[in-house]
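All remarks here apply to the structure that follows.
Fair warning: this is a prediction, and the values are worked out from it, not measured in the lab. Sequence lines set the chain letters: A, B, ... in the order given, protein chains first and strands last, and positions in each chain run from 1. Heavy-atom basis, side chains included; hydrogens, waters and symmetry copies ignored.
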There are 2 protein chains.
Amino acid sequence: MERRNTPTKEAVLELLVKSGEAMSRDTIEQKITQNINRATIYRVLNRFCEDGVVHKIVAEDGKQYFAVCANCDDKVLSGHHFHFRCIECETIECLPVSVNFSVPNGYQVASVNCVLSGTCKDCSR
Amino acid sequence: MERRNTPTKEAVLELLVKSGEAMSRDTIEQKITQNINRATIYRVLNRFCEDGVVHKIVAEDGKQYFAVCANCDDKVLSGHHFHFRCIECETIECLPVSVNFSVPNGYQVASVNCVLSGTCKDCSR
DNA sequence: TAGTTATTGCGAAATAATCGCATTTATATG
DNA sequence: CATATAAATGCGATTATTTCGCAATAACTA
């Protein structure tokens, strides 16, 4: 299964990179000028996740959000950082704060999904 | 809005207390002998959450899970502890591991939803 | 330029959670 | 103990998110 470049993929990735925040399929569909089918957006995003280009966050609303974050380059934070969901402006962003924990004996952690909710720096004033 | 005691509420709460793990509406409905409507279960659970008797976790599958955990009595861990979701046995439990973080200036955290996924101590062997 | 197959669009389907409304029932009160 | 009030429930419909199957399209290779 080799990957091919398509306008759709480029548009979605560019949007995520430029915005710098995590977005839902819904938001992505709205913000992209061209018409892209919803199922396609999900497929593109899931493929990005498989390839490690994008990471997925499931927020407290049960929805999936996708992000390309700069911090993911840092080995320290890769994958294991906190996300912040603002109750007011509804944005979700990657925080440059790593998740630290030590689980009881016998447990093996494969993935981490941590979301903090509240008011972000812009909405706090 | 005063709360009233009903067999339904008692059954749901007893199940959650005895099992000690976090359960979805689905599982609760299955494990309870008597017939309870699905909408009712959600309403009962949400009321428990409002009253602070139960806490809600949203896992990576986007579903809501509800738990009464012993650790919640500890002031240190109340609300801010990690949850563990086993990929194999599908159970979700509260870990006695508190979530520590310091957010950037200006952010105000209201709630925390942290779920670690992997294999639990029973499934790791 | 042609062939292979990854990708897309479309509609349907699966799943989770909520809502409106009529009915039931727990609780307080006379 | 009977009764009134409103909380709680059951039922069906509804909303929302995500996925799936299949046919059509288009990217890449040779």
Salt bridge or not between E90(A) and R85(A)? Use side-chain N to carboxylate O under 4.0 Å. yes
Both N35(A) and Y65(B) contact DNA chain C. Taking the nearest nucleotide for each, which residue is further toward the 5' end? N35(A)
Given the rule in the side chain to side chain contact (heavy atoms under 4.5 Å, CB included) test, do L45(B) and L16(B) qualify, once you have shown the distances and angles that lead to the verdict? CA-CA 10 Å; L45(B) 289 169; L16(B) 287 179; 4.0 Å; yes
Expected output: side-chain N37(A) to main-chain A39(A) donor-acceptor under 3.5 Å: yes
Whole angstrom value for the distance that separates P of dT17(D) from CD of E60(A): 16 Å
Base contacts versus sugar-phosphate-only contacts with protein, heavy atoms under 4.0 Å: please encode nucleotides 18-30 of chain C as B, S and - from 5' to 3'. BBB-----BS---
Would you indicate what T8(B) reaches in the nucleic acid, counting non-hydrogen atoms under 4.0 angstrom: base, sugar-phosphate, or nothing? sugar-phosphate
Can you classify the ring geometry of H83(A) versus H55(A) as parallel (below 30°), tilted (30 to 60°) or perpendicular (above 60°)? tilted
Looking only at the side chain of R25(B) (C-beta and beyond, no hydrogens), which of the listed nucleotides dG9(C), dT7(C), dA16(C) gets closest? dA16(C)
Whole-Å distance separating the NZ atom of K63(B) from the P atom of dA14(C): 16 Å
Mind checking who shares a hydrophobic cluster with I87(A), ILVMFWY linked at side-chain heavy-atom distances under 4.5 Å? none
Is K56(A) reaching over with its side chain to a backbone N or O of N46(A), donor-acceptor style, under 3.5 angstrom? no
Specify the separation, in whole Å, of atom CG of L45(A) and atom C1' of dT7(C). 14 Å
What is the separation between atom CD on E50(A) and atom C1' on dT7(C), rounded to the nearest whole Å? 14 Å
Whole-Å distance separating the CG atom of D26(B) from the P atom of dA14(C): 16 Å
Looking at the side chain of I36(A), which of dT18(D), dG9(C), dT8(C) is the nearest nucleotide? dG9(C)
I41(B) atom CD1 is separated from dC11(D) atom C1', nearest whole Å, by 14 Å
